[in-house]
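Okay, so here's the structure we're looking at.
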Amino acid sequence: MRVEIKEIKKYFGDVRANDGINFQLESGNIYGILGENGAGKSTLMKILSGYQSQDSGDILLDDKAILFDSPAAGLFAGIGMLYQDPLDFPPFNILENYLLGKSKNINLNFSSAAKQVSALADQYGFEVDIKAEINTLSLGERQQLELVRLLAEGAQLLILDEPTTGISAEQKEQLFTSMRRMAYDEKKIIVLVSHKLDEIQELCDHAFVLRKGKLVGQSEVPCPNERLVEMMFGSLPTRRERHPSVHDEVMLEIKDLKVATYRIQIDGISFTVNKGEVLGLAGLEGSGQGLLLRACAGLEEIDGGEIIVDGEIINDQEYHQRRENDVAFMGSGRLEEGLITGMTLTEHMVLAAEEHDFVINWKQAEVETKSKINTYQVIGQSSSTADQLSGGNQQRFMFSMLRTPLKLILLENPTRGLDVRSTNWIWEQLYERRSDGTAIVFLSADLDEVVDRSDRIAVFSGGKMSRIVNANETNVDELGHLIGGQE
Amino acid sequence: MNNSELIAVLASILLQASPLMIAVMGETISERAGMINLSLDGTMLLSAMAGFIAAYETGNVWLGFLAAMIVGAFFALIIAFGTINLKQSQVAIGFVLTILGDDLSAFLGQNYTRLPGPTLGRYSVPILRDIPILGDLLFNQNVVFYIAVLLTIFVWWFLNKTQPGLQLRSVGERPEAAFARGVNVNLIRYAYSIAGGALVGFAGAAYSLAIKIGWSEGHTRGIGWIALAIVIFGGWAPIRGAFGAILFGATKTLATVLQSKFPEVSVVAFNAIPWILMIFVLLLVSNEWVEDMILKLPKRFHRPLRKFLRVSPPLALGEEFEKK
Ligand SMILES: Nc1ncnc2c1ncn2[C@@H]1O[C@H](COP(=O)(O)OP(=O)(O)OP(=O)(O)O)[C@@H](O)[C@H]1O
Ligand SMILES: [Mg+2]
């Protein structure tokens, strides 16, 4: 199979998401697509897979121009895409999800579907519990199932849009192994969209770099990281040296904390975080670190122990009271928890404001919103709705709504899906707050981030906090062992 | 109360519940596809009236049912067009149609009130009717009862065991993902809105032609809202919905019995029983401790129990879908 992309253009209003992109893909290769947030990667991939249609330009498949009216048509022609948020059906069980749209027969043949899914899963080393419902699976498992489905439909070109955000290191290894196998043994084409240079270097044969809707460069990989970064951002963003700024006084003290849910419980957790300190929480998803954060934020009821912020026991305070008292929380799900789909940025700002007048002064609110948008470099208007922003910009905007000063900031995956530059920028903003004595506690699925950004690190595994280590005395490998529960 | 009396009461509960079951099936398939048809009360009134007049004028009950289904389908079509093409709110249009249907039925049916017309009667199923107890309860019933039961089974089978049923559910849960699988979301929404509306229309005529024979102003008023509530109570599942309808009928009958026993208590108090019971069950089912309780049982019961007890509306209920 040979795919040729010719002069693809796609505009959303004034935004040139794709602005005349050309390249070619050949069988038996793994390609990487790189680019900063909003560069147009997802848009291009959605066009290639048939989810969106281009404004102009052609896609040639073995020299024949094709135009898909839906991803199903794309898949029929052999192009399958794994979307960043898998397009599956949470309330369905695995077989229903697999069978949907698969055949024209009236009757659903569950038993043969079960055989097919099991066989393919075995073939690629995935583990699936055929009877499970989708909403009980982890993101990694859902991705594997989507892959199985695409392969079963005979996809020859597989597109994976940021498949490694939110899955464990083990699942990632497995995914990479199967991707290599598809490309090199089965001669398929694999396209990987990612922000993580290391992954592209490790897995891909060739990388394309997009910037502002244009293809600005390409390279055989592995190649020096600097080369890719320079193509992505124009110039090399320098990462400023991080100076710890830990004060002597304690800001957050946790004493013998116990929180139990039906999935997991944490018990007997005690530690302190000083003013100006950054504590990173590491661990596989759902090992108790999230529970701890949410308990501190007042989103999870505690069953014992004490949470003390700046000398005050806040056990009995509700989430909103804690917010009033300068404890801020930012969850992983931007559109589920942080932002309100369909509300404009100005409206968000008004809601987040410290003081509320009964009658809203919209003019002033808009001026303030515009200035925040400016300082936080959010690409969007004060009248855009939250869901119109690209992922990275949603994140920036959420940060712009945090008040100053704050005593404690609690963050879940603060830079999920952000490009290198945005990530650095966000952390600089956070570090600046430390001079006010703000303490920061965050969890991240990205171990590099935990090691790079924290002063100290607490490792969780199966609801237990193993111990707290100094960030400059550890490395990703050691953390990996601790996370696996090995001392 | 002796045995045959008890059987007669139970049989009447089933009969009374039958049109409600049909309306619940209609609304269930519509809502599972993501389309709320809030106009049930008005639709049923108008179709009860239209069904009666058509049957009265032609002398044929089935033409009456046909007319009623057309009326129901037409109202559903208005909602589908208004929401899918004109992007209006499903709730708003449904609400307006409720009132419109009510008023229109009163106006158009005013010359047909309290007239005798053709009716759909009882049918005894040969052989099966001779089974003791069950025969009288289930196989010596009005035709509407058989239709309701067969329809319930059919809808269950269709939703859970067929490809079109799976597609129907997919557009109600995640239309953008359904689109990605090659499902024509809006076409399917049109189709099942209309089919659901036709069933609601049929249910309306089942009253005027079989259960509460004849026509008078406000003939079925309130039933549509009850059906809407039972769809929720039934967790958007056909079998549970059918049980909900029967349970509702049973508590209604219970209320009547209690009322004759305690004439000093206000009627209103007894009429509230079914509702209180429903709220109680809903609270029970949506409570966290149900999950705790399930987890205490052996593992192999977890899934079926959760499936049976846990209730959640279709994820994209009432949401519009637009291709990018
Ligand atoms: N449906 C849409 N409506 C309006 N603008 C859109 C839409 N989809 C994408 N855009 C805009 O097009 C640009 C490119 O978006 P795209 O999602 O392709 O970026 P990306 O490279 O995938 O970024 P990220 O790394 O953040 O995922 C962004 O500025 C985005 O805001
Ligand atoms: Mg993207």
Side-chain angles (χ1 to χ4, degrees), chain A residues 10 12 17 42-43 46-47 49-53 68-76 80-83 85-93 95-110 113 129 131-136 142 146 149-150 153 260-263 301 341-342, chain B residues 32 34 154 157-188 235-237 287-296 299-304 306-307 310-317 319-324:
Chain A
K10 177 84 178 176
F12 296 104
S42 296
T43 305
K46 285 180 185 167
I47 290 171
S49 71
Y51 190 81
Q52 285 178 344
S53 47
F68 305 130
D69 58 2
S70 80
L75 190 53
F76 188 72
M81 173 156 172
L82 178 63
Y83 298 83
D85 181 21
L87 281 180
D88 52 12
F89 299 86
F92 285 12
N93 67 38
L95 295 180
E96 288 173 333
N97 181 63
Y98 175 78
L99 281 167
L100 176 68
K102 195 169 165 58
S103 88
K104 296 245 165 344
N105 288 346
I106 297 275
N107 264 305
L108 295 173
N109 193 339
F110 288 107
D129 169 8
K131 293 218 175 63
E133 261 145 49
I134 302 288
N135 54 16
T136 63
R142 287 169 61 195
E146 273 296 283
R149 194 179 67 76
L150 298 175
E153 296 283 302
T261 67
Y262 66 85
R263 273 192 216 96
E301 225 165 285
T341 319
Chain B
R32 284 302 278 270
F154 174 79
W157 172 80
F158 184 78
L159 285 178
N160 293 298
K161 304 289 173 197
T162 72
Q163 178 68 236
L166 196 56
Q167 297 193 358
L168 186 173
R169 279 154 53 201
S170 75
V171 303
E173 300 290 355
R174 234 182 135 188
E176 70 282 4
F179 162 73
R181 298 284 183 95
V183 174
N184 189 336
V185 175
N186 285 335
L187 181 72
I188 286 197
W236 292 267
N287 203 303
E288 277 228 359
W289 66 256
V290 172
E291 185 65 34
D292 293 343
M293 203 185 68
I294 292 176
L295 285 174
K296 291 206 174 73
K299 199 146 192 179
R300 70 200 144 97
F301 294 128
H302 290 184
R303 255 178 216 148
R306 218 173 264 142
K307 209 170 169 139
R310 296 250 116 182
V311 165
S312 67
L315 294 176
L317 184 58
E319 274 173 27
E320 61 178 66
F321 169 75
E322 201 173 358
K323 184 181 180 285
K324 303 235 168 57

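In the text below, chain A, chain B and the rest are named by the order of the sequence lines, each starting its count at 1.
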Could you tell me whether the side chain of A:D88 reaches within less than 4.5 Å of the side chain of B:E173, counting heavy atoms only?
-> no
Can you tell me if B:Q163 uses its side chain to pair, donor with acceptor, with the backbone of A:L99 under 3.5 Å?
-> yes
How about A:F76: does its CZ atom have over 12 heavy atoms from other parts shown lying under 6.0 Å from it?
-> no
Which atom of A:Y51 lies closest to which atom of B:F179, heavy atoms considered = O-CE2, 3.9 Å
Which portion of A:K131 sits near chain B, non-hydrogen atoms under 4.5 angstrom = both
Can you name the closest pair of heavy atoms from B:S170 and A:L100 and give their distance?
-> CB-CD2, 3.4 Å
Side chain to side chain, B:L166 and A:F92, heavy atoms closer than 4.5 Å = yes
Side chain, backbone, both or neither: which part of A:F12 has a non-hydrogen atom closer than 4.5 Å to chain B?
-> neither
Chain B contacts, top residue of A:K102, A:R149, A:K104, A:E153 (heavy-atom pairs, under 4.5 Å) = A:R149
Considering all heavy atoms of both residues, which atom of A:S70 and which atom of B:G182 are nearest to each other, and what is their separation?
-> OG-CA, 4.0 Å
What part of A:N107 lies closer than 4.5 angstrom to a heavy atom of chain B: side chain, backbone, both or neither?
-> both
Work out which heavy atom in A:F89 is nearest to a heavy atom in B:A178; give both atom names and the distance.
-> CZ-N, 3.5 Å
State, to 0.1 Å, how close B:A180 and A:P71 come at their nearest heavy-atom pair, and which atoms those are.
-> O-CB, 3.3 Å
Relative to chain B, which segment of A:P86 carries a heavy atom at a distance below 4.5 Å: side chain, backbone, both, or neither?
-> backbone
State whether the side chain of B:R181 and the backbone N or O of A:N97 hold a donor-acceptor pair below 3.5 Å, judged by distance alone.
-> yes
Correct closest heavy-atom pair for A:I106 and B:W157 would be CG2-CH2, 4.4 Å
